[in-house]
*Asks:* 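Quick one: this structure, given as structure tokens, is what I'll be asking you about.
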Amino acid sequence: MMRSMFSAVSGLSAHQAKMDVIGNNIANVNTIGFKGGRVTFAEAFNQTLKGASAGQGGRGGTNPMQIGLGINVGAVETNHTRGAVERTEIPTDLMINKEGFFIVSDDVNYANRHYTRAGNFSVDKFGNVLTSEGYSVLGYNIDPDTLGQENPTFENELSGLIIPKGKPFPAKSTGKGYDTTTSSYPVLVSPDDIGVSFDGNLNAGSDIPAEYDGNAIGTPGIGGINDIIKIGNEINKIEPKTAVARDTTFTVFDELGGEHEVRVAFIKAAANQWKVCTIDKDGKISDIHPKPPATSDYLEFDSTTGKPVNGKEIDLIVKAASGNDGDLLPNGAKSFIFRMDLSKITQHDNDSDASATSIVGYKSGSFESFDIGPDGVITVTYSNGEKSPTGRLALAKFKNPAGLVKGQGNMFDVTPNSGMPLIGKPAEAGFSDLSPGSLEMSNVDLSREFTTMITTQRGFQANSKIITTTDEMLQELVNLKR
């Protein structure tokens, strides 16, 4: 009888442990990224009263006779299935769509690493990306020296992610600056050095100005081209088919982000031939010569297709008012040269609307906002309209996630049975992508937990009943001697 009592005691202890796990699961039903636990039981051991025997001499064999002596908690396992999705629209909230963990650290050298599914991150005043407990979120920052380049370089080592709120986005020039060592402008090579690209049409029906004799551009004279250009703001009031078929203005940038307004006019010189000119703020015209291998000084079109056949590229120089190439611009930037691409302009008998459609370069910009993509790349938007990646989150995967041990703050740590982490980037090489603006909720199923709670309570009650019943039997045994 004593065996039944101690078996019941082990049952009470095991069911109490299971209720503890259920209580913890229910307590964390709203904990972000929480992974619920599950208790399984195992029979402790058995006392063998009689062993098994084989049949012999016409008698059959006998089975063993054993009495169980209670139960143990076989395992407390962590359920790593993904929890439900909660949309928050907060840019620093992230959810891993499949397997994997965020990597966090509270070590200045990032050697002490922990792993979590909770993506409720924040950014402090220094731009550090942190967990709610202040742990640094690890990833790959870009090399600060490559910020603003077309393909910035990501660092190879994991470190705490930093969003550079205080670092300005560097300016970019439309062209290349004057080289004081060679006292010349750099030679521009197409297509890499295209600074301004044009598109649109030049009206094939435009008149050739009567004053034009091939040399008159830039030469003042009554009724000449300069007088037509000097109309300035009233240029749009001129009737179609005048000397200036198209007058367009655009802005280019020096190496410090300084803005320089360039005004370009297209003047028909002959059938299928156009002069491309610049107009300064005083209305003075300057002829521009196409770059070699152009065989003439004109922008020339094919009469059948209306597409340029010659003079499709033109280089322009922006320099100081003194007119000397080596002199600095008013803001201290170098004079610079840039190339215009006119290859997309057409000549058809339609309105002239040729204009600059793509301009390389921009002013320096300050931080405005940031967002994180499904691939974990942090992209910052600057006040000059430019965007640049500044870092990328890292993820870790384990061969046996169930082997991880839970730590504080909803984090996990490595154990010998979990294996070492395999580290990679979201949405790359077998790693899961992310859901920005979302959080993974607890994977605790309340209906299942309450059902398990009922069976656990009944199991505890049944084991209690065994103890009271055994006690009554012992009382009867004691009462045999009166």
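Computed from heavy atoms alone, side chains included, the values below leave out hydrogens, waters and symmetry copies.
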*Asks:* Is a donor on one side and an acceptor on the other found under 3.5 Å between the side chain of N400 and the backbone of N417?
*Replies:* yes
*Asks:* Can you list the residues that meet the side chain to side chain donor-acceptor pair (under 3.5 Å) rule with T92, with sequence neighbours excluded?
*Replies:* none
*Asks:* Answer yes or no: is there a side-chain heavy-atom contact under 4.5 Å between T78 and L404?
*Replies:* no
*Asks:* Do F253 and K363 have side-chain heavy atoms sitting under 4.5 Å apart?
*Replies:* yes
*Asks:* For the pair D297 (side chain) and H289 (backbone), establish whether a donor and an acceptor sit closer than 3.5 Å, ignoring hydrogens and angles.
*Replies:* no
*Asks:* What I'd like to find out is whether the side chain of Y110 reaches to under 4.5 Å of the side chain of L158, using heavy atoms alone.
*Replies:* no
*Asks:* Taking side chain to side chain donor-acceptor pair (under 3.5 Å) as the test, write out the residues that go with R117, two or more places apart.
*Replies:* E440
*Asks:* With side chain to side chain contact (heavy atoms under 4.5 Å, CB included) as the test, would you mind laying out the steps for L202 and F301 before giving the verdict?
*Replies:* CA-CA 10 Å; L202 293 177; F301 293 89; 4.1 Å; yes
*Asks:* In Å and rounded to the nearest 0.5 Å, what is the CD1 to CD distance from I267 to Q273?
*Replies:* 14.0 Å
*Asks:* Between R246 and V264, is there a donor-acceptor pair closer than 3.5 Å when you use the side chain of the first and the backbone of the second?
*Replies:* no
*Asks:* Test of understanding: with side chain to side chain donor-acceptor pair (under 3.5 Å), list the residues that count as partners of N350, not counting sequence neighbours.
*Replies:* none
*Asks:* For residues 161-176, which residue pairs pass the side-chain hydrogen bond (donor to acceptor under 3.5 Å, both in side chains) check, not counting sequence neighbours?
*Replies:* K176-D193
*Asks:* Go through the steps for D327 and K319 under the test salt bridge (charged side-chain N to carboxylate O under 4.0 Å, His left out), then give the verdict.
*Replies:* CA-CA 7 Å; D327 291 346; K319 55 186 178 181; over 6 Å; no
*Asks:* Less than 4.5 Å apart, side chain to side chain, heavy atoms only: is that true for L395 and F102?
*Replies:* yes
*Asks:* Rounded to the nearest 0.5 Å, how far apart are CD1 of I372 and CG of L393?
*Replies:* 6.0 Å
*Asks:* Mind listing the side-chain donor-acceptor pairs of residues 353-360 below 3.5 Å, one per line with the distance, residues two or more places apart or on another chain?
*Replies:*
residue : atom : partner : partner atom : Å
D353    : OD1  : N201    : N            : 2.7
T357    : OG1  : S197    : O            : 3.3

*Asks:* Could you tell me whether the side chain of S335 and the main chain of D325 form a donor-acceptor pair under 3.5 Å?
*Replies:* yes
*Asks:* Between S105 and D107, does a side chain to side chain donor-acceptor pair (under 3.5 Å) hold up when you go through it step by step?
*Replies:* CA-CA 6 Å; S105 177; D107 177 15; 5.1 Å; no
*Asks:* If you define the side chain from C-beta out and look only at heavy atoms, does anything of E155 sit under 4.5 Å from P144?
*Replies:* yes
*Asks:* Report the C-alpha separation of V137 and T131 in whole Å, then their side-chain angles, then the decisive distance to 0.1 Å, and conclude whether the side chain to side chain contact (heavy atoms under 4.5 Å, CB included) test is met.
*Replies:* CA-CA 7 Å; V137 179; T131 68; 4.2 Å; yes
*Asks:* With a 3.5 Å distance limit and no angle check, can you tell me whether T116 reaches the backbone of N410 through a side-chain donor-acceptor pair?
*Replies:* yes
*Asks:* Could you state the interatomic distance from CG (L299) to NZ (K268), rounded to the nearest 0.5 Å?
*Replies:* 12.0 Å
*Asks:* Any idea how F169 and Y362 line up, ring-wise: parallel (<30°), tilted (30 to 60°), or perpendicular (>60°)?
*Replies:* tilted
*Asks:* Which residue pairs pass the side-chain hydrogen bond (donor to acceptor under 3.5 Å, both in side chains) test when at least one of the two sits in residues 372-388, sequence neighbours left out?
*Replies:* S366-S383
*Asks:* Residues in ring-ring contact (aromatic ring centres under 6.0 Å, His included) with F412, at least two apart?
*Replies:* H80, F101
*Asks:* Looking only at side chains, do S432 and N97 share a donor and an acceptor under 3.5 Å apart?
*Replies:* no
*Asks:* Which heavy atom of D254 sits nearest a heavy atom of A333, and at what distance?
*Replies:* CG-CB, 3.5 Å
*Asks:* Please walk me through it: do K291 and L188 pass side chain to side chain contact (heavy atoms under 4.5 Å, CB included)?
*Replies:* CA-CA 10 Å; K291 302 302 298 178; L188 303 183; over 6 Å; no
*Asks:* With a 4.5 Å heavy-atom cut-off, do D302 and N272 have their side chains touching?
*Replies:* no
*Asks:* Using the ring pair (Phe, Tyr, Trp, His ring centres under 6.0 Å) rule, collect all pairs that involve residues 303-351, keeping only residues at least two apart or in two chains.
*Replies:* H260-F336
*Asks:* Short question: side chain of N28, backbone of N24 - any donor-acceptor pair under 3.5 Å?
*Replies:* yes
*Asks:* Which of these passes side chain to side chain contact (heavy atoms under 4.5 Å, CB included) with I378: T390, N141, V123?
*Replies:* T390
*Asks:* Take atom NZ of K344 as the centre, draw a 6.0 Å sphere, and report whether it contains more than 12 heavy atoms from other residues, nucleotides or ligands.
*Replies:* no
*Asks:* For the side chain of E261 and the backbone of T249, is there at least one donor-acceptor N/O pair under 3.5 Å apart?
*Replies:* no
*Asks:* Under 4.5 Å between any side-chain heavy atoms of F431 and I96, yes or no?
*Replies:* no
*Asks:* So for atom CD, which belongs to E157, do other residues, nucleotides or ligands contribute more than 12 heavy atoms lying within a distance under 6.0 Å?
*Replies:* no
*Asks:* I need the full list of ring pair (Phe, Tyr, Trp, His ring centres under 6.0 Å) pairs touching residues 131-165, with sequence neighbours left out, sorted by first then second residue.
*Replies:* H114-Y135
*Asks:* If we ignore hydrogens and angles and just use 3.5 Å, is the side chain of N120 paired with the main-chain N or O of S132 as donor and acceptor?
*Replies:* no
*Asks:* Can you tell me how far the CG atom of L316 sits from the OG1 atom of T278, to the nearest 0.5 Å?
*Replies:* 6.5 Å
*Asks:* Counting only heavy atoms from other residues, nucleotides and ligands, does the tally under 6.0 Å from NZ of K399 exceed 12?
*Replies:* no
*Asks:* Which heavy-atom pair separates G119 from I32 by the least distance, and what is that distance?
*Replies:* N-CG2, 4.4 Å
*Asks:* Quick one, L130 with S136, criterion side chain to side chain contact (heavy atoms under 4.5 Å, CB included). Give me CA distance, side-chain angles, the key distance, then yes/no.
*Replies:* CA-CA 5 Å; L130 306 172; S136 295; 4.0 Å; yes
*Asks:* Name all residues meeting the side chain to side chain donor-acceptor pair (under 3.5 Å) criterion together with T88; count only those two or more places apart in sequence or in a different chain, and write none if there are none.
*Replies:* D93
*Asks:* With sequence neighbours excluded, what pairs up with Y185 under the ring-ring contact (aromatic ring centres under 6.0 Å, His included) test?
*Replies:* Y178
*Asks:* For Y115, give me all partners under ring-ring contact (aromatic ring centres under 6.0 Å, His included), at least two apart in sequence or on another chain.
*Replies:* F398
*Asks:* Take atom CZ of R87 as the centre, draw a 6.0 Å sphere, and report whether it contains more than 12 heavy atoms from other residues, nucleotides or ligands.
*Replies:* yes
*Asks:* NZ of K35 to CZ of R82: how many Å apart, nearest 0.5 Å?
*Replies:* 8.5 Å
*Asks:* Does N30 reach the main-chain N or O of S442 with its side chain, forming a donor-acceptor pair under 3.5 Å?
*Replies:* no
*Asks:* Does a side-chain heavy-atom distance below 4.5 Å link N310 with Y298?
*Replies:* no
*Asks:* From L434 CG over to L94 CG, what is the distance, rounded to the nearest 0.5 angstrom?
*Replies:* 5.5 Å
*Asks:* Is E313 paired with R339 through a side-chain N to carboxylate O contact shorter than 4.0 Å?
*Replies:* yes
*Asks:* Within the distance-only criterion (no hydrogens, no angle test), does the side chain of N443 pair as donor or acceptor with the backbone N or O of T81 below 3.5 angstrom?
*Replies:* yes
